[in-house]
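Data block below; observations after.
In what follows, chains carry the letters A, B, and so on, assigned in the order in which the sequence lines appear, proteins first and then strands, with residues in each chain numbered from 1. Excluded from the calculations below are hydrogen atoms, water molecules and symmetry mates; all remaining heavy atoms, backbone and side chain alike, are included.
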There are 2 protein chains.
Amino acid sequence: MVRNEARRNALLDAAIDVLAEEGARGLTYRAIDAKAGVPAGTASNYFASREDLMSEVAIRVTQRLAPSEESIAESLALPRDRSLTVKFMHDIVKRADADKASYLAMMELRLEATRRPELRTALTKTFAANLDFNIAFNAESELPGDRMAVILLYFGMTGFIYERLTLPDVAAMTDLDEFIEVLVTRAIG
Amino acid sequence: MVRNEARRNALLDAAIDVLAEEGARGLTYRAIDAKAGVPAGTASNYFASREDLMSEVAIRVTQRLAPSEESIAESLALPRDRSLTVKFMHDIVKRADADKASYLAMMELRLEATRRPELRTALTKTFAANLDFNIAFNAESELPGDRMAVILLYFGMTGFIYERLTLPDVAAMTDLDEFIEVLVTRAIG
DNA sequence: CTTCAACCACGACAACTGTAGTACTATGGG
DNA sequence: CCCATAGTACTACAGTTGTCGTGGTTGAAG
């Protein structure tokens, strides 16, 4: 198996775009090659099987979705109150809007995880760690809201972004700023 | 195009199972025939194209996901307070658990809607009407909580069920009863 | 310069897919 | 009884797919 990391990542990024644009159904070796602008057959030199490819895509998407260290550090310089939580929620939406392909690819992968135990295990680990981190972070940073508040924010934002990316006109029935404002206010309790 | 409604619905139900079990990728005429236990080629006698098939599946899924009139009437005999809202939320989870295939199929369709304007229009109409109905219903039935409360419940439950069906072990980090209890209490404000 | 492993381009192949066509069957109205 | 119509079974076909093999190129170590 070929291990040219630069080219491998370029192929994985192409795979993410293909997943977002064509869905799991369109995710073929040839589609990836075409998207990445490399000769047909290249992707199959890098990924042993379609299954293998998807596991690697999951890792790549996780990398791309993680917020940057800097942006977290930057936010932590601000006062630790409700308005900071509001800012974090806005950041999540901004990130989703800025990299729709990654979010949509992740949604495709989550559906795939339903039938591929290996992928499910990997994604479960990632998402559980993420939620745990958020709960701990909220407590340690002395941000307002208990554990349940973080969970309500988590599921509320998950649902909202899911709707915003798949059925934007339904999400648009709710004003973004007002939604986040009310969500945070009431979740914190 | 053949119009034997019983057989057509059987094929659509088979298609929903296939979507849930194999994903959009596995949704082929032959897979539907096999699932429905009819001779190969049957599904293609009923659906002009794969596109056409998916539109019809969307309609069928919507039918299957709608709560029964009786169960609504039954609930409305109960006192119109917070505990009734809690009951409604539990009903949603029960319905999702009881018909996972329909929910998973709908998730596949929502992702498809991302790239098929016709499907997106149809689903947008359905989901917008559903949300509007819930908001109006909450007000008319003199249930506690304003418009925003209903929206918070909507997105909170959407996110929770999405997680529960795709990554159950992550959702299981949160106790179901406690989640609904706190969600309703804080959403109502 | 030679060698050798990693990388790359390309093609082959069997399996599967969407779609459309054709002919058989059932049935109920005249 | 006849036959028109809807439903059904089956098949053909061209295009696409996952996967694997083969041979060529590169670039650095010896």
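Side-chain to base pairing of Arg30(B) with dG18(C): one donor and one acceptor N or O lie within less than 3.5 Å of each other. For dC20(D), the base has a donor-acceptor partner in the side chain of Ser44(A) [N/O atoms by modelled type, under 3.5 angstrom].
For the residue pair Ser141(A) and Arg80(A), no side-chain donor N or O sits within less than 3.5 Å of a side-chain acceptor on the partner. A side-chain donor-acceptor contact under 3.5 Å links Thr185(B) and Arg82(B). A donor-acceptor contact under 3.5 angstrom links the side chains of Tyr154(A) and Glu163(B), judged on distance only.
Contact check for Leu109(A) versus Leu119(A): side-chain heavy atoms found under the 4.5 Å cut-off.
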Carefully, step by step, assess Phe179(B) and Phe155(A) under the rule ring-ring contact (aromatic ring centres under 6.0 Å, His included).
CA-CA 10 Å; Phe179(B) 172 71; Phe155(A) 288 121; 5.3 Å; yes
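Counting to the nearest Å, the P atom of dG18(D) and the CE atom of Met54(A) are 11 Å from each other. When rounded to the nearest whole Å, the span between CG of Asp52(B) and C1' of dT19(C) equals 13 Å. Atom-to-atom, CD of Glu51(A) to P of dT17(D) comes out at 19 Å; the value is rounded to the nearest Å. Taking atom CE of residue Met1(B) and atom P of nucleotide dG21(C), one finds them 11 Å apart after rounding to whole Å. Rounded to an integer number of Å, the gap from Asp33(B) CG to dG7(D) P is 17 Å. In this structure, Asn45(B) places its CG atom 14 Å from C1' of dT25(C), rounding to the nearest Å. Atom CZ of Arg50(B) is separated from atom P of dC16(C) by 17 Å (rounded to the nearest Å). Put simply, CD on Glu5(A) is 16 Å from C1' on dC8(C), counting in whole angstrom units.
Comparing dC10(C), dT17(C), dC8(C) by their closest approach to the side chain of Pro39(A) singles out dC10(C). Comparing dC10(D), dC7(C), dG7(D) by their nearest atom to the side chain of Tyr46(B) picks out dG7(D). Closest to the side chain of Ser49(B), out of dA9(D), dG18(D), dT19(C), is dT19(C). The side chain of Thr28(A) lies closest to dT17(D) when the candidates are dT17(D), dC8(C), dG7(D). Comparing dT8(D), dC7(C), dC8(C) by their closest approach to the side chain of Arg3(A) singles out dC7(C).
Here Leu27(B) lies in heavy-atom contact (under 4.0 Å) with sugar-phosphate atoms only.
Look at Thr42(A) and you'll find a side-chain N or O under 4.0 angstrom from OP1 or OP2 of dA9(C). OP1 and OP2 of dA6(D) both lie 4.0 Å or more from every side-chain N or O belonging to Asn4(B). OP1 or OP2 of dG18(D) lies within a sub-4.0 Å distance of a side-chain N or O belonging to Arg25(B). Residue Tyr29(B) places at least one side-chain N or O under 4.0 Å from the OP1 or OP2 atom of dT19(C).
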